[in-house]
2 protein chains.
Amino acid sequence: MDISLQVMSEQGVAGLSLSAVARRLGVRPPSLYKYFPSRNAVYDALFRRGQQAYLEAVRQGAAGHEPGMAAMAASLEAGARWVMANQTLAQLLFWRPVPGFVPSPQAYEPALAVHAHFAELTRAAIDRGELHPDAASEEGLALGSALIAGLLSQQLANEPAASYEQGRFTRWVARLPAVLAAVYPPRR
Amino acid sequence: MDISLQVMSEQGVAGLSLSAVARRLGVRPPSLYKYFPSRNAVYDALFRRGQQAYLEAVRQGAAGHEPGMAAMAASLEAGARWVMANQTLAQLLFWRPVPGFVPSPQAYEPALAVHAHFAELTRAAIDRGELHPDAASEEGLALGSALIAGLLSQQLANEPAASYEQGRFTRWVARLPAVLAAVYPPRR
DNA sequence: GTCTATACTCCGATAGAC
DNA sequence: GTCTATCGGAGTATAGAC
């Protein structure tokens, strides 16, 4: 799987070739079929592993903070750092670049947990009077996920080599909670 | 070129095959090389055509409005509608999905004009007291482009078939100017 | 669990006849 | 400006020996 990631980073996510993997592994292509029944099965395993790692990253980021906007800011940053450090995997997870590959429900499972994680942080922020209740609606959550995805997709497409601190787009991640608060000002 | 777009929409942007194009055109593959010296040349021609069309869409959108936030809102919406109506081409333009393809400077030219277009609308909005002067900095312009790109990338990845009006993400496009104004409130 | 051999399909690109 | 023929390579996947 590590070698597959390496090939994808060089040939494009959709350019994974089992022959190339076998070559670098020092075996013949048919041997791989003892471990994965098809090429898409490799994608699926990578997808699941990636979703799991991303979930752990955003959870780790929130750990130690009071639930609410502070935890959300820390969690967003941790997720963004994970994406910048795992760009190839992130592309597989968040931008469907492989025609014909549809992740299995099991592989998709952690993605639902990520959504639930941020929904919970949003509700906590509302309880603390940091956001308007509408922020927890599907619409509000969609805005949050779109904003973070947009910053990161622009960063990856235009400055993939930039460090997290110096990226022209990642630097906005820290200010996303303020943007959300501007769109959903708490009533008072 | 139209047939190429059709193939790309079915096989993925990176999955363009000149053989498939020739097949649908009713000619043999070598004939295509009389018109394009390589497969990447086809991508380049499509890239240029797409950038040009997108530029015209955002300019058309602004036409008839006073320069400023109203024109920007109209321009953003026109651009978003163009992207939703030309999804395959938009992927080629805004998300580099083809390993090894780098657009030529000539093909990239209209993209610079798009940037200049929005920079001008931003300055007009500042002059009218609708935005803080910092909104016209490179940082501020980067935020604007990232926000719109994020909404659209999420829309294309998750609900590509939704109409512009019903999209869970496109519906935020109309409110982007308000988000920008919240981040860059004019001094008063 | 690895291999050889193979079936099958596909690709981009070029040479050169017409 | 189209074609045939071809080079030289790629790929996924399976059968079956060891």
Side-chain angles (χ1 to χ4, degrees), chain A residues 1-50 87-89 91-93 95-108, chain B residues 1-50 87-89 91-93 95-108:
Chain A
M1 288 172 71
D2 291 337
I3 293 177
S4 292
L5 268 179
Q6 198 178 315
V7 172
M8 286 158 67
S9 75
E10 293 166 18
Q11 306 297 324
V13 176
L16 171 62
S17 135
L18 296 190
S19 300
V21 173
R23 218 154 30 233
R24 303 192 190 192
L25 202 67
V27 300
R28 303 294 172 175
S31 301
L32 300 179
Y33 284 80
K34 288 282 176 183
Y35 304 89
F36 297 94
S38 72
R39 190 177 75 127
N40 275 356
V42 178
Y43 279 127
D44 208 58
L46 287 170
F47 189 95
R48 180 177 179 80
R49 174 205 265 190
Q87 302 192 6
T88 304
L89 210 37
Q91 286 177 56
L92 178 65
L93 300 188
W95 291 275
R96 312 292 163 90
V98 185
F101 165 60
V102 181
S104 65
Q106 301 95 299
Y108 196 70
Chain B
M1 289 170 71
D2 291 336
I3 293 176
S4 293
L5 268 179
Q6 198 178 314
V7 172
M8 287 158 68
S9 74
E10 293 166 16
Q11 306 297 325
V13 176
L16 171 62
S17 136
L18 296 190
S19 299
V21 173
R23 217 152 33 230
R24 301 190 192 194
L25 234 166
V27 300
R28 302 294 172 176
S31 303
L32 301 178
Y33 284 80
K34 288 284 176 183
Y35 304 88
F36 297 94
S38 72
R39 191 178 74 128
N40 275 357
V42 178
Y43 279 126
D44 207 59
L46 287 171
F47 189 96
R48 180 176 180 81
R49 175 205 266 192
Q87 302 192 6
T88 304
L89 209 36
Q91 288 177 56
L92 178 65
L93 301 187
W95 289 274
R96 312 291 162 89
V98 185
F101 165 61
V102 181
S104 65
Q106 301 97 296
Y108 197 71

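Computed from a predicted structure; not experimentally measured. Letters go in sequence order (proteins before strands), and every chain restarts at 1.
Residue contacts for B:Arg28: at a heavy-atom cut-off of 4.0 Å it reaches a base atom on one of the strands shown. Among the heavy atoms of the strands, none lies under 4.0 Å from B:Phe36.
Heavy atoms only, all atoms of each residue included: B:Thr88 and B:Ser9 are closest at OG1-CB, 3.2 Å.
On the nucleic acid side, DNA chain D has its first and last nucleotide under 4.0 Å of a heavy atom of chain A at D:dG11 to D:dT14, going 5' to 3'.
Residues of residues 9-21 of chain A having a heavy atom closer than 4.0 Å to DNA chain C: none are found.
By the side-chain hydrogen bond (donor to acceptor under 3.5 Å, both in side chains) test, B:Asp44 is found to be paired with B:Ser104, residues two or more places apart in sequence or in another chain being considered. B:Arg28 is linked by a salt bridge (Lys or Arg N to Asp or Glu O under 4.0 Å) to nothing, counting only residues two or more places apart in sequence or in another chain.
Mapping A:Pro30 and B:Pro30 onto DNA chain D by nearest heavy atom places B:Pro30 closer to the 5' end of the strand.
To the nearest 0.5 Å, atom CD of residue B:Gln6 and atom CD of residue B:Gln11 are 11.0 Å apart. The structure places CG of A:Leu92 at 8.5 Å from CG of A:Leu5, a figure rounded to the nearest 0.5 Å.
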Less than 3.5 Å apart, which donor and acceptor atoms pair up between the side chains of residues 18-27 of chain A and the rest of the protein, not counting sequence neighbours?
unit_1, atom_1, unit_2, atom_2, d
A:Arg24, NH1, A:Glu10, OE1, 3.3
A:Arg24, NH1, A:Glu10, OE2, 3.3
A:Arg24, NH2, A:Glu10, OE1, 2.8

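When rounded to the nearest whole Å, the span between NZ of B:Lys34 and P of C:dA15 equals 12 Å.
The stretch residues 11-37 of chain B participates, sequence neighbours left out, in no ring pair (Phe, Tyr, Trp, His ring centres under 6.0 Å) pair at all.
Dashed line: the shortest gap from a side-chain N or O of B:Arg23 to OP1 or OP2 of C:dC11 is under 4.0 Å.
Classification of the A:Tyr108-A:Phe47 ring pair by plane angle, with boundaries at 30° and 60°, yields parallel.
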